[in-house]
Amino acid sequence: MLLTTKFLRPTPDSRAVRRHRLDALLEPEQGKKLNLIVAPAGFGKTTLVSQWCARNSTSTAWLSLDEHDDQPVQFWQYVIGAFKHAGLMGLEDSEKQLARQQGDDLNAAITGLVNALAEDRNPWHLVLDDYHVISNDGIHRQLAWCMDYLPPGILVTIASRTEPPLPLARWRVRRQVQDIHPGLMAFSEDECRAFFQNTMAMNLSEQEIRTICRRTEGWVAAMQLSALAGKTEALESGHSGHERIGTPDGALISDYVLTEVLHQLPDELTGFLLDTAYCPRLSSSLCNAVRQRDDSQDILTRLLSLNLFLIPLDKHNQWFRYHDLFREALLQRIESIDPERAAVLQSRTIDWLLSHGQVQEGIAQIVSQNDTDRLARVLAEHGNNLIHGGYHLPVLAWLDTIPPRQLAESPQLQMLRIWGLFFANRVEGLAPLLTEVEDLLDRRVADSHPDAEGALAIHSEISLVRSYLARSRNDEKNASDLTRQVLKDIDQIQIPLKSVTYYGLGLDYFGKGELNDAEEALESAVHYGQIERKASTALSSGGLLAWIQYNRGDTELALKTTTRVRNWVDEHFADPSQPRLISCWQNSALTEIYRERNEPELAASYLSPLLEHVEKGTEPGQHVVIQYVRGHLAFSQGKLEEAIELLGDAVAVGSKRRDHILFDPPAASALLARCYLALGLADKAMTTLKAALETPATNPLNREQNQIALARVQVALKDYQKAQETLSALVPVAEHNAHNRHLVEILLVYADALAQEDRTEEAAVMLERALDRAENAGFLKLFAEESPSLRAMLLDCPRLRTPGRWNRELLTMLKDQLSGNADIVLSKPQSDQPSETTAGLAEPLSQREQEVLLLINQGLANKDIATRMAVAPATVKAHIRNLYGKLGVSRRTEALARARELKVLRE
């Protein structure tokens, strides 16, 4: 999700100084690619560019950068998002490339952007404001590459405090850069005059203007503070000769200019500024509470009219903040002149923040005070809600600031650490920590500790965590018993645990294949998660619920579930300063749903936020789920080698880390076997399934998945009777348990097995049953994933030519696949004789090599092939080397001729 406010160009103040001499420098010229504005903070870079854009009719993509954008993928997501927000069309390919990107090689996405600009054929301006926050060398290289290939009429404007490491020397030689340095940005005397008279509405003499302009060297921020001092004499006192104020840093603000501002303001305003310096944001209610007065709104309005570094945060003038440098200077002042009052003011600020739901900001100030006693009390009160709201990592960090002895004496804080580690998926060391808390609780009860009654309630939390750990050991009975005991005792304790407990019950039922009971428990988990305001639990419960509904064929209901829970979380837990809460189950379910509905780009958009968790390390069960849905999406798109790699990883992690997985994840081995079948490698598919069949999964859904895969292998090996025996045992169970997605697959493979024995009428009956079930559920893509013989049967099926949207969509998808226009192209089953396309080859071409060969035949260059395949150019070169080696050639023309000769490539 992108913050669209970063695409909004600041609205110029009508009173701001018009800088004609700089406007002219910014205008487009033939051959110019870049406007480079480099100056320190407070020199008016953003104001200058926003004024210029406001007077310019050219379409402008504006991007305000911050420190979070110093990652290549996020940087380019925002650049492309800025163009999209400004109205540029044709960016879907770039967005798709970014969504599937796993590393920092973003050439494909950047190429898509350049192509979209070229196809648009209109002039465009791109503004990158605050580019100095970018330090990643990869981003600098990518931006340079992008700018080198921009079409004519595209002008980039960069505003930065430092000169960026771009190939500026080369561009300057070619006269492609307009530099605007601090000397040019500094206000001239005429601009200073206009600033004081028009912007600040001050009637200063010419001498005063010249003096301030000289002392500040045209730095507009310092000029504003100096102007507010009111008199030039105050500036000149104690300073003589040619001494200059210096650069605009915190020391200047605090030690010189701010002193003059405060001295020249009425005591009432000075006192207000200092009293409210600890407020991260300001409202009349907060300021009144801190000052213990009731006139704050009037003073805020007065300060706003004085342009006193007060920035409105809404359109109703109810919330404000100080400019950061100004607030830092105020804090330094109050802490130096009256530290005791400063402590009182900060304490009042913290009290208001905590009592008005701004707990994180309140805790941040407590941490800055090093007040571990108060931090311990606040975490004991609010920590549980913070953790279940998705802020477990900050809570763990705050707990680390509390002395170990203080932690050891508090069962509540120890339990917070356990929950924090649990939600951070660091469950390996929880058992001994739970034992320590139990020992402490037992001692308190034995000693009649004053908090013994409250401490006893923590036993329920301990039981709940132990139930999750029991699930990871496949100790289903112990897990179920512990969960039910917690549910029995839950109304007798004060700790809100119902949502987490019902989520545990949902996992238990899901693991046993009792999907009706699982849905009921998970609905309760969502309900109580909302009541208890446990956002992460509600999101995970809703995600697993949607996963179950999808597998039962209730696709529309699954989408309604995810939307309902997502909307509640976004409404109650939207914090722009924090990453958006996501759930592995919810995003995985949506990825599967949209993949199945033949909307791969939308599926990839839900998968994309999960990739970071795989790269940085996540709980092994989540790792398996994410890799499974990634592999399934790759399989559906015909990227078999990629799918094999992802699913192989899922199988390996699921096997090695089984003791640390809280549930039975999807049967990646079954899908991996299908990949090998698609490549015609039936024996390898059987080998892949062997371990899963020898040790059957505990989850009936997974057992069915492996058995269906076994039947597919049996059909590929022409053992049709065995395949039918395998499938006939699955049909009644899948029907009884409403495993409708599996039932459709079972019926399809059954039809294939019957057709291979020329039992066409029976096969047609099975096919009709499968189509009926699939239409009700809205399944589409699973038909494109079946064997070529079965897809041929479907194309000949009269039912698909009857009216109906679903029939039309399925038939169109199958026809597109037949003509090579669809994503997935699956191989024919392996035969005993070498095929025409491989008979003359010592080693068959891989799926990727065949794709490269087809693109070479289309006349594409290596760079264009890389873009089309969404891989690095070096990867394309490696495929071509392998391709040449297998064909025994050294050039493209020879490769195409040899491929046609061997019938690897057909005209």
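Under a 3.5 Å cut-off, the side chain of N776 and the backbone N or O of D772 do form a donor-acceptor pair. A donor-acceptor contact shorter than 3.5 Å is absent between the side chain of N807 and the backbone of L800. Listed for the E519 side chain is no donor-acceptor partner under 3.5 Å among the backbone atoms of Q549. Remark: the backbone N or O of A777 is paired with a side-chain donor or acceptor of T555 at under 3.5 angstrom. Here the side chain of S608 pairs no donor or acceptor atom with the backbone of A604 at under 3.5 angstrom. Here the side chain of N587 pairs no donor or acceptor atom with the backbone of L607 at under 3.5 angstrom. Remark: the backbone N or O of A692 is not paired with any side-chain donor or acceptor of T695 at under 3.5 angstrom. At least one donor-acceptor pair under 3.5 Å links the side chain of N567 to the backbone N or O of T563.
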Carefully, step by step, assess L544 and Y503 under the rule side chain to side chain contact (heavy atoms under 4.5 Å, CB included). CA-CA 9 Å; L544 179 55; Y503 177 57; 4.2 Å; yes
Working note: L771 + L794, criterion side chain to side chain contact (heavy atoms under 4.5 Å, CB included); need CA distance, chi angles, decisive distance, verdict. CA-CA 9 Å; L771 290 168; L794 286 164; 4.0 Å; yes
Which is it for I746 and H739 under the side chain to side chain contact (heavy atoms under 4.5 Å, CB included) test, yes or no, and what are the steps along the way? CA-CA 10 Å; I746 293 166; H739 297 172; over 6 Å; no
Going through the checks in order, is the side chain to side chain contact (heavy atoms under 4.5 Å, CB included) test met by S541 and Y502? CA-CA 9 Å; S541 302; Y502 276 110; over 6 Å; no
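Of all non-hydrogen atoms in W568 and R533, the two that sit nearest each other are CH2-CA, 4.1 Å. The minimum heavy-atom distance linking T562 with Q586 is given by the pair O-NE2, 3.4 Å. Considering all non-hydrogen atoms of both residues, S499 and E532 come closest at OG-OE1, 2.8 Å. In terms of heavy-atom proximity, L610 sits nearest to S583 at CD2-O, 4.2 Å. The two atoms that bring F779 and G553 nearest to each other are CZ-CA, 3.8 Å, heavy atoms only. Looking at every heavy atom in both residues, F510 comes nearest to L701 through CE1-CD1, 3.6 Å.
Counted within 6.0 Å of CD on E520, heavy atoms from surrounding residues, nucleotides or ligands total 12 or fewer; the atom is thus considered open.
Annotation: salt bridge (charged side-chain N to carboxylate O under 4.0 Å, His left out) contacts of R741 (sequence neighbours excluded): E596, E745. Here E809 pairs with R805 under the salt bridge (charged side-chain N to carboxylate O under 4.0 Å, His left out) rule; sequence neighbours left out.
Look at R595 and E601 and you find no salt bridge, because none of the NZ, NE, NH1 or NH2 atoms lies under 4.0 Å from a carboxylate O. Of the charged side-chain nitrogens involved, at least one lies within less than 4.0 Å of a carboxylate oxygen, so that D69 and K6 count as a salt-bridged pair. With respect to E735 and R769, a salt bridge is recorded, a charged nitrogen being found less than 4.0 Å from a carboxylate O. A salt bridge links R597 to E556: one of the charged nitrogens lies within less than 4.0 Å of a carboxylate oxygen. Here R791 does not pair with E786 in a salt bridge; the nearest charged N to carboxylate O distance is not below 4.0 Å. Remark: R630 does not engage E642 in a salt bridge, criterion side-chain N to carboxylate O under 4.0 Å.
Note that the CG atom of L743 and the CG atom of N551 stand 12.5 Å from one another [nearest 0.5 Å]. The distance from atom CG of L646 to atom CG of L671, rounded to the nearest 0.5 Å, is 10.0 Å. Taking CD1 of I626 as the reference point, atom CG of L611 lies at 7.5 Å (rounded to 0.5 Å). Note that the CG atom of D752 and the OG atom of S787 stand 3.5 Å from one another [nearest 0.5 Å]. How far CG of L434 is from CD1 of I462: 6.0 Å, rounded to the nearest 0.5 Å. In this structure, CD1 on I548 lies 8.0 Å from CH2 on W585, to the nearest 0.5 angstrom.
Two residues are said to be in side-chain contact when any heavy atoms from C-beta on lie closer than 4.5 Å; I363 and L379 meet this criterion. The shortest side-chain heavy-atom distance between P394 and L386 does not fall under the 4.5 Å cut-off. At least one side-chain heavy atom of W547 sits under 4.5 Å from a side-chain heavy atom of V629. Between E92 and K84, every side-chain heavy-atom pair lies at or beyond the 4.5 Å cut-off. The shortest side-chain heavy-atom distance between Y509 and L515 does not fall under the 4.5 Å cut-off. Between D649 and E645 the shortest side-chain heavy-atom distance does not fall below 4.5 Å. Counting only heavy atoms from C-beta outward, the side chains of V653 and Q627 never approach each other to under 4.5 Å. Using a 4.5 Å cut-off on side-chain heavy atoms (C-beta onward), Q71 and W76 make no contact.
For the 3.5 Å distance criterion, the side chains of N737 and H742 fail to qualify, holding no donor opposite an acceptor. Remark: the Q707 side chain and the T726 side chain contain no N/O donor-acceptor pair separated by less than 3.5 Å. A donor-acceptor contact under 3.5 angstrom links the side chains of E785 and S636, judged on distance only.
In this structure, K534 forms no cation-pi arrangement with Y528, as its terminal cationic atom is not both closer than 6.0 Å to the ring centre and no more than 45° off the ring axis.
Between F7 and H85, the ring planes lie tilted relative to each other; the angle falls in the 30° to 60° range. Below 30°, between 30° and 60°, or above 60°: for F635 and H632 the angle between ring planes is between 30° and 60°, a tilted geometry.
The stretch residues 699-711 participates, sequence neighbours left out, in no salt bridge (Lys or Arg N to Asp or Glu O under 4.0 Å) pair at all.
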